[in-house]
Amino acid sequence: MTTATTLPAGRTVSADTTAFLSRSRDLFIDGRWVPSCTGQTMDSFDPGTGARLTSFAVADSEDARRAVDAAYNAFDDRKPWRTMTASTRARLMFALAALMEEHLDELAELEALDSGKPLAVARDFDVAYSIRHLRYFAGWANKIEGATIPVDVPDMMCRTERTPVGVSALIVPWNYPLLIACWKLAPALAAGCTTILKPSELTSLSVLRLAELSVEAGFPAGVLNVLPGLGNVVGPTLIEDPRVQKVSFTGSTRVGAEIARRAAEGVKRVTLELGGKSANIIFADANMDHAIAGAAAAIFSNSGQMCNAGSRLYVQRQALDQVLDGLTEVASAIGVGHQLDEGTQMGPLISRQQLDKVKSYVDMARSHGADVVTGGSADATDTDPDGTYYQPTVLTGLDESSPVVREEIFGPVLTVLPFDSLEEVAQRANASDYGLAAGIWTRDIVTANRLSNLLRVGSVYINTYGQSDAAAPFGGFKKSGYGRDMGRQNLEYFLETRTVWTDLRM
């Protein structure tokens with residue numbers, strides 16, 4: 001009988017999680033667990049303690065070709081995935097969602113341990129919303145339909161048919177590994193595509209467990225393949241293989257631009273959800289308690305490691321002192337600690353490298369004359385001195401000329417900037433390479449909608465921030481990418497349209 005594992009500082013995880021961590025983790029190709037061609041493995045670490053969790057096989061370019069072979073063969077018109085009805089495909093997706101729900105606590109523990117997010121957040125948001133995405137898109141599987149077109153040609157019938165685009169490479173970042181995997185996997189499966197899922201080498205565990213559950217759910221071999229490994233090794237092979245027809249990527253703008261360049265040579269479909277430096281805007285007439293709490297959540301949730309983090313806070317000048325006082329109070333009260341500890345509201349950053357990056361930006365801010373209102377240093381807890389913790393940090397005294405204001409930090413660092421008028425703040429908010437999201441806090445619905453119409457972003461949150469639903473498209477303008485995850489619009493990117501003409505005189 002497997003017993004629970006005791007982690008540093010006396011923390012424990014369940015027997016199911018212990019069993020998963022104790023198993024050797026190979027690559028998942030063609031419905032089987034297979035060693036990598038090189039035999040290379042990589043360790044997974046708990047960012048909260050620095051302790052090793054487990055190891056897993058690392059794919060190379062040859063492994064990527066094997067995965068494409070499997071996905072391409074599974075997409076053959078004679079194979080089970082292509083011959084089954086759409087309703088049967090939906091039942092498999094519903095079965096996978098049910099298994100995820102059955103193993104919700106285990107998936108949440110794996111996600112929390114691997115990524116550093118608080119356990120309650122991993123359970124109630126990441127895993128719960130992953131399940132919702134599978135169920136939402138499972139509902140679409142048997143509702144994909146074409147149309148009969150009344151063409152202006154006598155005795156001719158014209159119709160459209162929707163068909164899956166084919167083998168799809170799904171490349172997932174480390175900040176929401178399971179959730180973003182399901183953002184991409186669910187519409188691909190509903191459309192009838194076969195997939196190669198490439199999780200980040202920093203957070204592969206929950207996606208590997210998802211692969212195990214897909215076998216139990218009954219998915220045919222080759223429909224889902226999972227390749228942990230380095231993106232700069234596996235990615236180019238997936239993107240350049242002519243049998244891969246669709247690439248969906250979430251990650252940095254730099255990598256996204258390179259993927260777009262490589263994919264263009266093969267004329268592949270690409271959707272990119274990239275970086276952000278989102279503006280959050282508080283007017284003086286806002287409900288201040290609500291706005292301050294929302295502004296704090298917009299930057300400190302997930303330790304600030306969100307593409308749509310509200311990292312630039314614009315505050316109407318007459319409310320600046322009130323907002324700064326409120327943010328200081330909220331930030332100082334946030335419970336920073338290990339992701340499994342009760343009461344933790346903000347866990348560690350993903351890695352030592354990310355911690356060093358955040359430190360460097362705050363040091364830069366100081367050198368540019370910024371005032372550190374609160375936070376501003378690493379927070380190595382008494383129990384976890386080797387964890388990658390950083391305090392919730394609020395900065396003032398900078399403007400848009402500073403890289404700290406312009407560039408994506410991906411950490412719990414908020415820059416607060418005063419503004420005077422709606423037109424001014426719209427111009428300043430838009431003066432960014434990015435266009436992912438923005439928040440507006442005001443009691444005046446006219447102000448809210450005037451400003452919303454001016455903002456060049458993919459999502460606008462009015463008197464809220466960061467809301468998400470499987471039915472609502474998510475993505476950005478400008479260097480935040482193109483295409484959308486979630487919603488019916490995402491399903492369209494995994495479908496082709498075929499037009500069929502029939503001469504009725506024959």
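At distances below 3.5 Å, at least one donor-acceptor pair connects side-chain atoms of T388 with backbone N or O atoms of L349.
Considering S278, S311, S301 as possible partners of M306, the one that fulfils the side-chain contact (heavy atoms from CB on, under 4.5 Å) test is S301.
With rounding to the nearest 0.5 Å, the separation of CG in L179 from CD in E111 is 8.5 Å. For the atom pair R132 CZ and E101 CD, the distance stands at 10.5 Å (nearest 0.5 Å). Between atom CG of residue L202 and atom CE of residue M42 there is a gap of 8.0 Å, rounded to the nearest 0.5 Å. Once rounded to the nearest 0.5 Å, the distance linking NZ of K117 with CD1 of I350 reads 8.5 Å. Summarising the geometry, atom CG belonging to L422 is positioned 9.0 Å from atom CD belonging to Q316; distances are rounded to the nearest 0.5 Å. Here the CG atom belonging to D43 is positioned 13.0 Å from the CD atom belonging to E201, to the nearest 0.5 angstrom.
Aromatic ring centres of W441 and Y314 lie farther apart than the 6.0 Å criterion allows. Here the two rings, on Y493 and Y482, have centers that are 6.0 Å apart or farther.
Side-chain atoms of Y461 and N308 form a donor-acceptor pair, as typed in the model, at a separation below 3.5 Å.
Every residue two or more places apart in sequence or in another chain that forms a ring pair (Phe, Tyr, Trp, His ring centres under 6.0 Å) with Y129 is listed here: F125.
Nearest heavy atom pair, residue P236 against residue G231, reads CD-O, 3.4 Å. Annotation for K184 and V172: closest pair CD-CG2, 4.4 Å, computed over non-hydrogen atoms.
The closest side-chain heavy-atom distance from Q245 to C193 is not below 4.5 Å. Residues L208 and P228 form a side-chain contact, since some pair of their non-hydrogen atoms from C-beta on lies under 4.5 Å apart.
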**Check against side-chain hydrogen bond (donor to acceptor under 3.5 Å, both in side chains), S14 and E106** = CA-CA 7 Å; S14 67; E106 177 193 354; over 6 Å; no

**Prompt:** Do W183 and Y176 pass the ring-ring contact (aromatic ring centres under 6.0 Å, His included) test, and can you show the C-alpha distance, the side-chain angles, and the key distance before you say yes or no?
**Reply:** CA-CA 10 Å; W183 281 10; Y176 290 94; 7.6 Å; no

**Request:** Walk me through it: do R488 and E492 pass the test salt bridge (charged side-chain N to carboxylate O under 4.0 Å, His left out)?
**Result:** CA-CA 7 Å; R488 169 67 186 268; E492 295 294 329; 2.9 Å; yes

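Around NZ of K268, the count of heavy atoms belonging to other residues, nucleotides or ligands within 6.0 Å exceeds 12. Summarising the local packing, CZ of R366 is surrounded by more than 12 heavy atoms from other residues, nucleotides or ligands at distances under 6.0 Å.
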